[in-house]
K.L.:
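Structure incoming, see below.
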2 protein chains.
Amino acid sequence: MSKSASTQPSAKPSSQSSGVAAPAFRPLYEQIKSLIMQSLAAGEWKPGEAIPSEFELATRYGVSQGTVRKAVDALAGEFILVRRQGKGTFVATHTAPAHQYRFLRMRADGEPADSARHHPVTTFIGLTRERADALAAAKLRLRQGQSVIKISRVLVFAGRPIILDEITLAQASFPGLTIEMLEASQGSIYSFLETTYGARMIRADEAIKAVAADRFAAKHLEVPVGTPLLSVDRVAYTYGDKPVEWRRGRCVTDGYSYINELA
Amino acid sequence: MSKSASTQPSAKPSSQSSGVAAPAFRPLYEQIKSLIMQSLAAGEWKPGEAIPSEFELATRYGVSQGTVRKAVDALAGEFILVRRQGKGTFVATHTAPAHQYRFLRMRADGEPADSARHHPVTTFIGLTRERADALAAAKLRLRQGQSVIKISRVLVFAGRPIILDEITLAQASFPGLTIEMLEASQGSIYSFLETTYGARMIRADEAIKAVAADRFAAKHLEVPVGTPLLSVDRVAYTYGDKPVEWRRGRCVTDGYSYINELA
DNA sequence: GAGTGGTCTAGACCACACC
DNA sequence: GTGTGGTCTAGACCACTCT
């Protein structure tokens with residue numbers, strides 16, 4: 001984008017009167033943000049790696065450093081990039097100890113939200129290959145009947161089983177996945193999927209209900225059948241809002257709570 | 001702050017070696033942000049009103065418009081201010097229809113998170129004055145035994161009672177509050193407290209558990225005793241992180257879910 | 001047209017990390 | 001010291017709202 005007479009190199013309104021709601025105007029930094037996202041999605045810079053400096057990116061895209069900065073700021077705000085003063089800007093990763101359990105909201109009661117808490121221990125129960133039912137297909141945007149992988153596991157906090165997860169993944173996205181690989185891996189499942197399959201979880205939606213423990217949950221969580229449990233449904237997304245993982249967690253809330261901050 | 005020789009008017013590091021972790025450096029825009037917060041807390045600009053333009057504030061504080069902008073951006077990001085292009089920057093309010101139920105996370109299943117959903121109807125059960133027990137005192141940072149107001153109510157969605165709330169407020173902050181005033185008010189309780197007492201809720205922390213319905217909850221939510229319910233504990237804060245409200249909600253999750261977005 | 005927020009640029013200097 | 005991100009400024013112009 002060469003600087004002609006104007007200071008505004010590109011991004012013309014071009015007020016086209018298409019049938020419905022015209023986007024009207026797209027700021028330059030939004031476009032830069034999209035370009036960076038594309039490079040990220042294409043794997044040009046891998047998780048944990050540094051991306052080029054702001055000045056390099058500014059030259060590359062033909063905009064000022066300030067505009068790149070605004071784009072990077074936005075991505076850092078979404079935890080897609082991480083800035084480190086004096087060092088550079090890095091692709092965020094679930095592998096870093098501090099972000100291992102980024103999406104885990106269960107906390108021991110009385111434990112501050114930001115504390116460097118002790119991490120849970122994972123016990124895998126099983127891994128099966130099935131055909132997607134209507135629910136799983138809808139959540140993962142697959143066709144019903146497509147192959148999926150179902151993983152069952154228990155998360156143990158301080159010696160107590162607290163969370164029972166049933167995780168569903170599209171078979172096509174994670175070929176060759178075995179329970180042995182999961183058992184051999186350290187840390188969170190997102191860390192594993194990231195390093196092994198390059199599947200980066202960007203964000204997730206959750207819907208929470210209260211349910212009574214069924215036989216299966218009661219057995220693995222070591223509580224009586226009928227005990228009220230938190231049921232946490234989650235869909236996790238990668239780049240481009242593509243759903244990758246669908247899970248249902250059952251959580252014991254005796255001594256533990258799901259914590260959330262509202263703003 | 002006059003522009004002397006340097007471009008950096010104030011905010012000197014002044015690396016004092018006090019006993020513990022020195023703040024080291026405080027950006028100008030952070031200081032401006034604090035000043036704006038002070039004016040907000042002091043009621044200089046009331047909820048719904050416009051604050052001075054960025055240029056006016058820049059002159060007032062002796063900084064550039066860009067620095068004011070950064071401070072205002074931060075406050076807008078926390079929903080403390082609201083920007084409206086072409087019109088001005090306004091003090092956020094719980095009274096506006098779009099933000100009436102800003103902290104309410106229960107949604108009918110299948111309803112998109114951002115939908116202009118139909119609002120709940122509130123039925124007040126009772127209002128009593130009591131002495132703070134240990135729990136309430138801790139949550140509201142009061143001394144045990146200080147006077148508190150306890151409000152019970154039910155939120156009805158589409159004709160069904162879904163949420164039973166028990167709300168605790170410090171008596172001292174809300175003198176003269178009666179159930180008649182609540183019943184006469186329209187919309188959310190935060191909207192009411194804001195317009196009547198000038199108490200603005202800025203943010204809130206929640207801790208969620210699954211519990212079995214007791215007799216009281218079963219009666220008002222029209223479910224059998226023992227039905228699993230979501231128990232949502234909330235502490236809401238005003239300016240200066242002062243806790244103002246402590247509530248415990250019990251929610252029916254048949255057809256409704258607590259929704260949350262993780263990033 | 002006037003006023004307000006929104007975008008973009010260019011350049012200076014500060015803070016931090018690594019050599 | 002060099003390079004990176006972080007802050008601050010000054011000025012130009014765009015987009016939106018109201019009069």
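Chain letters run A, B, ... following the sequence lines, proteins first and then strands; every chain starts at 1.
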K.L.:
Can you tell me the distance, in whole Å, between the OH atom of B/Tyr29 and the C1' atom of D/dG5?
P.N.:
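From B/Tyr29 OH to D/dG5 C1': 12 Å.
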
K.L.:
Between C1' on D/dT7 and CD1 on B/Ile32, what's the gap in Å once rounded to a whole number?
P.N.:
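Answer to the nearest Å: 13 Å.
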
K.L.:
How close or far is atom P of C/dC16 from atom CZ of A/Arg84, stated in whole angstroms?
P.N.:
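Rounded to whole Å, this separation is 16 Å.
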
K.L.:
Nearest heavy atom decides the nucleotide; on that basis, is A/Arg69 or A/Gly86 closer to the 5' end of DNA chain D?
P.N.:
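Result: A/Gly86.
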
K.L.:
In terms of the angle between their ring planes, are A/His119 and A/Tyr101 parallel, tilted or perpendicular, with boundaries placed at 30° and 60°?
P.N.:
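Tilted: the ring planes of A/His119 and A/Tyr101 meet at 30° to 60°.
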
K.L.:
Between A/Glu56 (CD) and D/dG3 (P), how many Å, whole number?
P.N.:
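It works out to 11 Å between those atoms.
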
K.L.:
Can a salt bridge be assigned to the pair A/Arg26 and A/Glu30 using a cut-off of 4.0 Å between side-chain N and carboxylate O?
P.N.:
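Result for this pair is yes, salt bridge flagged.
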
K.L.:
Of A/Glu30 and B/Ile51, whose nearest nucleotide on DNA chain C comes first from the 5' end?
P.N.:
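Comparing both residues, the 5'-ward one is B/Ile51.
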
K.L.:
Hey, is the side chain of B/Lys87 poking within less than 4.0 Å of OP1 or OP2 on C/dG3, counting only N and O atoms?
P.N.:
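B/Lys87 to C/dG3 OP1/OP2: no side-chain N or O under 4.0 Å.
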
K.L.:
Rounding to a whole Å, what distance do you find between A/Asp73:CG and D/dC8:P?
P.N.:
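Answer to the nearest Å: 14 Å.
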
K.L.:
Once you round it to whole Å, what is the distance between C1' of C/dG6 and CZ of A/Arg26?
P.N.:
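Spelled out: CZ on A/Arg26 to C1' on C/dG6 is 16 Å.
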
K.L.:
Given D/dG6, C/dT7, C/dG5, identify the nucleotide with an atom nearest to the side chain of A/Pro27.
P.N.:
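It is C/dT7.
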
K.L.:
Among D/dG5, C/dG5, C/dT7, find the nucleotide with the atom closest to the side chain of A/Lys70.
P.N.:
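The nucleotide sitting nearest to the side chain is C/dT7.
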
K.L.:
Given 3.5 Å as the limit, does a donor-acceptor pair link the side chain of A/Tyr190 with the main chain of A/Arg102, or not?
P.N.:
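Checking the backbone N and O of A/Arg102 against the side chain of A/Tyr190, no donor-acceptor pair under 3.5 Å is found.
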
K.L.:
Which whole-number value in Å describes the distance from A/Gln65 CD to C/dC13 C1'?
P.N.:
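Rounded to whole Å, this separation is 13 Å.
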
K.L.:
Determine yes or no for a side-chain-to-main-chain donor-acceptor pair under 3.5 angstrom, with B/Thr93 supplying the side chain and B/Thr95 the backbone.
P.N.:
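Answer holds: yes.
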
K.L.:
Measure from the side-chain heavy atoms of B/Ser64 and tell me the nearest of D/dC16, C/dT7, D/dA10.
P.N.:
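Nearest nucleotide to the side chain: D/dA10.
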
K.L.:
Please answer whether the main-chain N or O of A/Ser188 pairs with a side-chain N or O of A/Gln100 as donor and acceptor at a distance below 3.5 Å.
P.N.:
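Looks like yes, one N/O pair under 3.5 Å.
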
K.L.:
Nearest-Å distance, CG (B/Leu28) to C1' (C/dA15)?
P.N.:
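Rounding to the nearest Å, CG of B/Leu28 and C1' of C/dA15 are 15 Å apart.
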
